[in-house]
Each structure stands twice: as C-alpha cells, then as structure tokens.
Amino acid sequence: MPSFKPVIALSRGLDVLRVVNQERLATVGSIHKAIGLDKATIVRMLETLEHEGYVMRDPERAAYAPTGRTLLLSQGYNQHLWVGSVADPILQEVRDQVGWPVDIALFDGDAMIISQTAQERGSVLFVRRRPGFRIPVLTTSLGRAYLAYCGDDERRAIIARLAEIPGPATELARDPARLEGILAEVRRRGYAITDPSYSHEMFDDKVWAIGVPVGTGARVFAAINVMLLHSAVKEADGVRQFLEPLQRTAARIAGALNERTERRRA
C-alpha cells in the first residue's frame with residue numbers, strides 16, 4: 001500500500017502532458033474533452049509545463065505542442081520496442097497475407113502502447129501509429145482483447161486505476177456491470193471489436209478493427225489487431241476472413257516472445 005495519498009495536482013499535470021503528447025498540437029478545449037478537467041486548471045497545468053520546458057505554446061493557434069524534453073521521460077522504458085522487434089517479421093508476413101494494417105500493443109500503466117505496426121508503404125488510408133503511440137484500453141479492440149484475457153487480479157487493478165481517471169475514454173470503468181458484459185462477450189467470441197465511440201472520435205467512423213490477445217496459457221503479453229475500412233469490409237465479413245489468420249499470428253508471436261523471454265532469463 002502507498003505511504004501517502006496521491007498528489008492530485010501532479011496526477012492532473014501528467015494527464016495534461018499525456019494528452020498534449022498524444023495530440024501533438026492540443027488546445028485547452030481538446031484537453032478538456034479528453035480528460036474532463038475544468039479549463040482554468042488545464043491552463044495552469046499548461047503554463048507550469050511550459051515553464052518547465054515540456055510543452056511550448058503556439059500563440060497563433062492558441063495550441064500547445066510537446067518539446068524534445070518530453071523524450072527524457074521515456075529513456076528508461078523500452079519494453080514496447082523489445083516486443084516490437086520480436087513481433088515485426090511475423091507482423092510483416094501477416095500484413096502481406098491479409099492486405100490491411102496490423103498493430104501489436106502492450107498494456108502500460110493506464111493505456112495500450114503501440115509496440116509495432118505493419119502497414120503498406122505509402123498508404124494514406126490510415127494514420128500511422130508509430131511505436132510508443134498510446135491508445136485507450138476500454139474503447140479499442142487492442143485494449144479490450146488484452147483486458148478480457150489478462151489475469152483476474154491484473155484486470156481488477158487496471159479497471160480500478162482507470163476508474164479514477166476522468167473523461168469519456170474511462171467511463172466504462174465506472175460501470176462495472178456493463179464492462180464485464182462486454183469483456184465476457186469478447187471471451188465468448190474470441191475477439192474484440194473497436195467501440196463505435198473510438199471509431200467516431202479518431203477515424204470519423206471510417207475505420208474499425210478486430211483484436212485478439214497474444215499469450216500462452218494464463219500469460220498475456222500483448223494484443224494484436226487488423227484495421228479495416230467500414231466501406232470496404234463489413235464486420236461479419238471481416239471476422240470470417242481475418243480472425244483465424246490473426247489468431248494464428250498471435251500464437252506465433254506469443255511463442256516467439258516466450259522463447260525470447262526464457263533465453264533472457266537463462
């Protein structure tokens with residue numbers, strides 16, 4: 001148990017910095033929409049982060065962007081890069097087979113972090129999500145696939161953490177009955193689908209994804225998905241065409257990660 005109560009101001013400041021980092025050019029309004037803080041508090045946090053050199057203000061657009069100083073906050077973390085290096089050749093193979101972008105992501109604190117992505121060179125159909133890009137747990141196919149299949153203790157801890165974070169992206173964590181129904185359905189079907197709210201917010205309702213866990217036995221390393229256009233592939237057709245290749249790929253990656261982990265321990 002922690003010795004002290006969390007420092008709320010610090011938690012809020014980190015939330016603001018996270019949104020700025022994700023959006024790359026964030027406004028007070030977009031931050032308010034993402035995390036639900038009142039705008040006066042957001043302005044104070046932004047001005048503090050600017051003073052410390054982590055964000056800079058674009059006065060012409062009244063927006064804030066992260067600075068290179070934010071890179072210092074991630075220098076000690078490379079797990080997602082390690083997982084990505086193991087998964088990359090397998091992802092490239094399945095990308096060539098299915099013809100659509102494929103991502104792998106692992107859980108990191110309060111979000112899924114993209115570890116590697118396989119996308120056709122020069123494609124303009126999708127926003128390229130580079131390694132390190134963070135996405136919500138509760139509304140994405142990657143997050144739901146991971147959460148549905150991770151251990152019970154880990155799942156409870158994740159949900160409790162997310163329930164403390166304000167904003168629409170974590171609303172399901174404060175509705176445990178509904179969330180458990182969604183996760184039970186993921187386990188019954190063997191796959192997760194992007195929540196319409198995320199597709200609407202991020203892709204203007206044009207993109208959806210199928211996600212499955214990457215694990216061996218009771219251990220879940222990560223999750224992978226295939227991203228599709230609504231206009232090209234309907235849900236039933238996508239599941240029929242891509243679920244089995246995606247599950248086969250997940251099993252291959254899980255085996256490679258497990259083998260590499262055992263080597264590191266030896």
Give the intermediate values and the outcome of side chain to side chain contact (heavy atoms under 4.5 Å, CB included) for residues Val137 and Tyr146. CA-CA 8 Å; Val137 177; Tyr146 183 89; over 6 Å; no
What verdict does the side chain to side chain contact (heavy atoms under 4.5 Å, CB included) test give for Thr41 and Asp38, after you've listed the backbone C-alpha separation in whole Å, the side-chain angles of each residue and the deciding distance to 0.1 Å? CA-CA 6 Å; Thr41 299; Asp38 67 84; 2.8 Å; yes
Considering only heavy atoms from C-beta outward, does the side chain of [X] approach that of [Y] to under 4.5 Å?
{"X": "Leu246", "Y": "Tyr191", "result": "no"}
{"X": "Asn225", "Y": "Thr140", "result": "no"}
{"X": "Ile31", "Y": "Tyr64", "result": "no"}
{"X": "Ile135", "Y": "Leu142", "result": "yes"}
{"X": "Leu162", "Y": "Asp110", "result": "yes"}
{"X": "Pro66", "Y": "Tyr54", "result": "no"}
{"X": "Ile35", "Y": "Ile165", "result": "no"}
{"X": "Leu46", "Y": "Glu50", "result": "no"}

Among Arg144, Arg187, Arg155, find the residue that satisfies the salt bridge (charged side-chain N to carboxylate O under 4.0 Å, His left out) test when tested with Glu180. Arg187
Distance from [X] atom [atom1] to [Y] atom [atom2], nearest 0.5 Å?
{"X": "Asp205", "Y": "Thr194", "atom1": "CG", "atom2": "OG1", "value": "11.5 Å"}
{"X": "Lys33", "Y": "Thr27", "atom1": "NZ", "atom2": "OG1", "value": "10.0 Å"}
{"X": "Leu179", "Y": "Thr170", "atom1": "CG", "atom2": "OG1", "value": "11.5 Å"}
{"X": "Glu154", "Y": "Phe107", "atom1": "CD", "atom2": "CZ", "value": "6.5 Å"}
{"X": "Lys206", "Y": "Ser231", "atom1": "NZ", "atom2": "OG", "value": "8.5 Å"}
{"X": "Arg188", "Y": "Leu183", "atom1": "CZ", "atom2": "CG", "value": "13.5 Å"}

If you take all heavy atoms of [X] and [Y], which pair is closest and at what distance?
{"X": "Phe242", "Y": "Pro245", "result": "O-CD, 3.3 Å"}
{"X": "His32", "Y": "Leu37", "result": "ND1-O, 2.6 Å"}
{"X": "Phe221", "Y": "Leu106", "result": "O-CB, 3.8 Å"}
{"X": "Ser199", "Y": "His230", "result": "OG-NE2, 4.1 Å"}
{"X": "Ala105", "Y": "Ala222", "result": "O-CB, 3.0 Å"}
{"X": "Ser141", "Y": "Gly211", "result": "CB-N, 3.5 Å"}

Backbone N/O of [Y] and side chain of [X]: donor-acceptor pair under 3.5 Å:
{"X": "Thr67", "Y": "Gly53", "answer": "yes"}
{"X": "Trp208", "Y": "Val233", "answer": "yes"}
{"X": "Thr249", "Y": "Val94", "answer": "no"}
{"X": "Gln22", "Y": "Phe133", "answer": "no"}
{"X": "Ser30", "Y": "Ala26", "answer": "no"}

I'd like to know whether [atom1] of [X] has more than 12 heavy-atom contacts from other residues, nucleotides or ligands below 6.0 angstrom.
{"X": "Gln241", "atom1": "CD", "result": "yes"}
{"X": "Arg248", "atom1": "CZ", "result": "yes"}
{"X": "His200", "atom1": "NE2", "result": "no"}

We want to know whether Thr216 and Arg219 form a side-chain donor-acceptor pair, criterion being a heavy-atom distance below 3.5 angstrom.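 There is no such pair between these side chains.
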Using the side chain to side chain donor-acceptor pair (under 3.5 Å) rule, take Gln92 and Asp96 through it: C-alpha gap first, then chi angles, then the decisive distance, then the call. CA-CA 6 Å; Gln92 296 299 334; Asp96 292 340; over 6 Å; no
Can you list the residues that meet the side-chain contact (heavy atoms from CB on, under 4.5 Å) rule with [X], with sequence neighbours excluded?
{"X": "Arg61", "answer": "Leu25, Asp58, Ala63"}
{"X": "Ala251", "answer": "none"}
{"X": "Asp153", "answer": "Arg156"}

Same apolar cluster: Val28 and Met56, side chain cutoff 4.5 Å: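 Per the 4.5 Å side-chain linkage, Val28 and Met56 are not co-clustered.
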What side-chain donor-acceptor pairs closer than 3.5 Å can you find for residues 9-18, not counting sequence neighbours?
{"residue": "Ser11", "atom": "OG", "partner": "Val7", "partner atom": "O", "Å": "3.4"}

Any residue meeting salt bridge (Lys or Arg N to Asp or Glu O under 4.0 Å) with Arg57, in chain and number order, not counting sequence neighbours: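 Salt bridge (Lys or Arg N to Asp or Glu O under 4.0 Å) check on Arg57 returns nothing, list empty.
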Could you pull out all residues at least two apart from Asp237 that satisfy salt bridge (Lys or Arg N to Asp or Glu O under 4.0 Å)?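 Scan of Asp237 (salt bridge (Lys or Arg N to Asp or Glu O under 4.0 Å), adjacent residues dropped) gives Arg240.
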Given Asp108 and Arg134, is the side chain to side chain contact (heavy atoms under 4.5 Å, CB included) satisfied, shown in steps? CA-CA 9 Å; Asp108 179 47; Arg134 298 174 71 82; 2.5 Å; yes
